[in-house]
Amino acid sequence: HIPMNLDGRVSTLLETGSKAGITRYLVHSVATSPAQVRSINEFLAEQVGLHSEFIGFGTLHPQSLHLKRDFEHLLELGLKGIKLHPDVQQFDLDSEEALRIYRLAEGRVPLLVHTGDHRYDYSHPRRLKRVMDAFEGLTVIAAHLGGWSMWEEAQNWLPGTKNLYVDCSSSLYALEPERARELFEAFGMNHVLFGTDYPMWRPEEELQRLFQLHLAKEDLQNILYGNAAALLGL
């Protein structure tokens, strides 16, 4: 069990982010049932409209009977990608029902996917590898350095995969700096994104963990901004 460090409010995100020098935020959520998709996406779009600092990723649910309609609605709302969490939504990342989402997203919007958890098999890195091999035009951010709590498996399966990025959220707290650097180098410094997993962690503390890796200045700038700017068209 990992306790939340912060309360999850928008005001707290902006306050703590500002103290850390953060100026843009990727905000997202997931639906645990198809019935939640529309209201969650409308809420996210509302928040993006209220806060120019926000970039929104909507959610989809693989069991939706109206998946294409949900996807088109997400785009109409101005959301820039899709967030999936197989462990919370309880579907195998490479299942037939999930493939419907990848067909819709391929070549159109990126996905941010929770990947890895030693307690479950839903989002094992090998499942993501199968998806990426089958959908070469699909762009995916594999959260938590490609495999939370199973970084060895992530390193075995995912580096070198086309159109794959990782973020470092909810990872640096658990890894020695040398090990974290090894994973960054395995995925490629141009494919690593900074993330805090708010409200799990305080942005300032996550930045300090990143700085402890003593990365080259150019790599650090890309991880903090350049890679995300290129990916999201900022």
Side-chain angles (χ1 to χ4, degrees), residues 2-6 16-17 19-26 28 55 57 81 83 85 87 93 110-120 123-129 131-133 138-232 234:
I2 303 174
M4 297 285 174
N5 274 269
L6 298 165
T16 57
K19 288 179 180 178
I22 295 171
T23 58
R24 302 299 296 272
Y25 305 83
L26 179 59
H28 49 80
I55 302 149
F57 273 27
K83 164 69 176 183
H85 197 312
D87 300 340
L93 189 52
L111 275 68
L112 171 59
V113 180
H114 170 93
T115 315
D117 191 321
H118 67 276
R119 299 169 296 179
Y120 313 110
S123 62
H124 193 288
R126 74 175 186 282
R127 294 190 183 276
L128 179 56
K129 177 63 173 174
V131 170
M132 301 297 290
D133 287 347
L138 187 68
T139 299
V140 172
I141 305 165
H144 321 311
L145 290 176
W148 179 78
S149 76
M150 48 195 326
W151 290 285
E152 183 173 350
E153 290 89 340
Q155 188 174 2
N156 288 339
W157 284 97
L158 296 176
T161 303
K162 184 180 178 181
N163 296 327
L164 178 70
Y165 295 78
V166 297
D167 72 30
C168 63
S169 68
S170 283
S171 299
L172 300 182
Y173 80 97
L175 297 167
E176 293 296 328
E178 296 79 8
R179 177 61 175 135
R181 278 186 63 116
E182 180 182 337
L183 288 165
F184 280 35
E185 290 167 357
F187 287 109
M189 295 294 181
N190 290 333
H191 288 261
V192 180
L193 312 175
F194 175 70
T196 67
D197 216 359
Y198 173 87
M200 294 290 294
W201 309 105
R202 296 180 182 276
E204 287 179 290
E205 293 176 359
E206 288 300 285
L207 272 177
Q208 288 305 312
R209 289 178 173 131
L210 180 64
F211 294 154
Q212 288 171 7
L213 306 190
H214 301 296
L215 303 175
K217 183 178 180 180
E218 181 181 355
D219 292 335
L220 191 60
Q221 289 176 334
N222 283 333
I223 290 165
L224 288 172
Y225 177 76
N227 297 337
L231 175 61
L232 300 174
L234 303 183

For V192, is there any backbone N or O sitting under 3.5 Å from a side-chain donor or acceptor partner on N227? yes
To the nearest 0.5 Å, what is the distance between CZ (F184) and CG (L175)? 9.0 Å
Do H214 side-chain atoms and A216 backbone N/O form a donor-acceptor pair below 3.5 Å? no
Closest approach of V113 to T115 (non-hydrogen atoms, all atoms of both residues): O-OG1, 3.0 Å
Which heavy-atom pair separates W151 from S170 by the least distance, and what is that distance? CZ2-O, 4.0 Å
Closest non-hydrogen contact found for C168 with L145 is CA-CG, 4.1 Å
One should read off an interatomic distance between I141 CD1 and H191 NE2, to the nearest 0.5 angstrom, of 12.0 Å
Closest approach of M132 to K162 (non-hydrogen atoms, all atoms of both residues): CE-O, 3.2 Å
Hey, are E178 and R181 close enough for a salt bridge, meaning a charged N less than 4.0 Å from a carboxylate O? no
When the ring planes of W157 and H124 are compared, do they come out parallel, tilted or perpendicular, using 30° and 60° as the limits? perpendicular
Side-chain heavy-atom pair L213, L220 within 4.5 angstrom cut-off: no
Can you check whether E205 reaches Y173 side chain to side chain, under 4.5 Å on heavy atoms? no
Tell me whether T196 contacts the main-chain N or O of P203 through its side chain, where contact means a donor paired with an acceptor under 3.5 Å. no
Nearest 0.5 angstrom please: I223 CD1 to F194 CZ, how far? 10.5 Å
Is the shortest heavy-atom distance from the side chain of I55 to the side chain of R24 under 4.5 Å? yes
Do Q155 and R179 have a side chain donor and acceptor closer than 3.5 Å? yes
Exam field: side chain D167 to backbone H144, donor-acceptor pair closer than 3.5 Å: yes
Taking atom CG of L112 and atom OG of S169, what is their separation to the nearest 0.5 Å? 7.5 Å
Apply side-chain contact (heavy atoms from CB on, under 4.5 Å) to L26 and L193, showing your working. CA-CA 11 Å; L26 179 59; L193 312 175; over 6 Å; no
Decide yes or no for Y225 and L234: does some side-chain heavy atom of the first lie under 4.5 Å from some side-chain heavy atom of the second? yes
Which heavy atom in G146 sits nearest to a heavy atom in L158, and how many Å separate them? O-CD1, 3.5 Å
Report yes if some heavy atom in the side chain of E206 is under 4.5 Å from a heavy atom in the side chain of Y198; otherwise report no. no
Could you state the interatomic distance from CG (D117) to CE (M150), rounded to the nearest 0.5 Å? 8.0 Å
Heavy-atom side-chain contact between T161 and F187 under 4.5 Å: no
Neighbour count >12 (heavy atoms, 6.0 Å) for atom CD, E185: yes
Are side-chain heavy atoms of L6 and R202 found at a separation under 4.5 Å? yes
When rounded to the nearest 0.5 Å, the distance separating NE2 of H114 from CG of D197 is 9.0 Å
Does any non-hydrogen side-chain atom of S123 lie less than 4.5 Å from one of W148? no
Return the minimal non-hydrogen interatomic distance between L138 and V131, and the atom names on each side. CD2-CG1, 3.9 Å
